[in-house]
Amino acid sequence: VYHSADDSVIPVAAADGMVKALAAAAAQGSEVRYVRYQHAPGPPISEYSALVGHGSYEIAYRDAALYEWLLRHQCDKCGRPLARWHELPPPPFTFG
């Protein structure tokens, strides 16, 4: 969970409560990761840029630790083989 203390849309207390609930429900040995920024920018989309603190994902996606954490995990229930990849036919039109 990544959240900013100055999020003007979703109070950081919501993330605090969610993390607490996740930790309580987590299986033995599970890891709940919580990164709480003191400040985050508004979203990069101009009509939402005034929403100070609501763009914490902009910082999170630049954090190599997020990807390292994701790659350390797997779904034990998802051990079945992945579906076969099916090539799509080319579109009946071209761009240009």
Side-chain angles (χ1 to χ4, degrees):
V1 176
Y2 286 77
H3 205 109
S4 177
D6 67 342
D7 191 325
S8 60
V9 178
I10 300 171
V12 73
D16 294 343
M18 181 173 53
V19 168
K20 188 175 181 179
L22 284 169
Q28 184 75 17
S30 294
E31 175 188 2
V32 177
R33 180 176 165 84
Y34 184 24
V35 177
R36 182 199 253 209
Y37 302 114
Q38 288 303 308
H39 173 72
I45 303 166
S46 59
E47 57 264 32
Y48 302 113
S49 62
L51 302 175
V52 174
H54 197 58
S56 58
Y57 58 87
E58 288 291 322
I59 303 168
Y61 291 158
R62 291 180 173 96
D63 183 357
L66 168 63
Y67 302 100
E68 292 166 3
W69 182 87
L70 286 170
L71 291 172
R72 285 196 317 264
H73 295 83
Q74 65 181 11
C75 176
D76 293 332
K77 295 178 183 176
C78 302
R80 64 189 182 281
L82 298 176
R84 289 184 46 196
W85 178 261
H86 297 280
E87 292 290 331
L88 296 174
F93 53 87
T94 59
F95 295 100

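Numbers here simply count residues along the sequence, with the first being 1. Predicted, not measured: the structure shown is a model, and the values here were computed from it.
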Q. In the hydrophobic clustering (ILVMFWY, side-chain contacts below 4.5 Å, transitive), which residues join Leu71, or is it alone?
A. none

**Q.** Within residues 30-41 or reaching into it, pairs that qualify as salt bridge (Lys or Arg N to Asp or Glu O under 4.0 Å) - sequence neighbours excluded
**A.** Asp16-Arg36, Glu31-Arg72, Arg33-Asp63

Distance-only donor-acceptor pairs under 3.5 Å for side chains of residues 52-60, two or more places apart:
{"unit_1": "His54", "atom_1": "ND1", "unit_2": "Asp7", "atom_2": "OD1", "d": "3.1"}
{"unit_1": "His54", "atom_1": "ND1", "unit_2": "Asp7", "atom_2": "OD2", "d": "3.1"}
{"unit_1": "Glu58", "atom_1": "OE1", "unit_2": "Arg62", "atom_2": "NH1", "d": "3.2"}

Q. Would Trp69 and Val35 show up in the same hydrophobic cluster when neighbours are defined by side-chain heavy atoms closer than 4.5 Å?
A. yes

Q) Minimum heavy-atom separation for Val19 to Val32, with atom names? A) CG1-CG1, 4.1 Å

Q.
Looking at Tyr61, I'd like to know if its OH atom is crowded, meaning that more than 12 non-hydrogen atoms belonging to other residues, nucleotides or ligands lie closer than 6.0 Å.
A. no

Q. Do Val12 and Ser4 have side-chain heavy atoms sitting under 4.5 Å apart?
A. no

Q) Any side-chain heavy-atom pair from His3 and Ile10 closer than 4.5 angstrom? A) yes

Q) How about Val9 and Tyr48: do any of their side-chain heavy atoms sit closer than 4.5 Å? A) no

Q | Flag side-chain contact, heavy atom, 4.5 Å: Met18 against Tyr34 | A | no

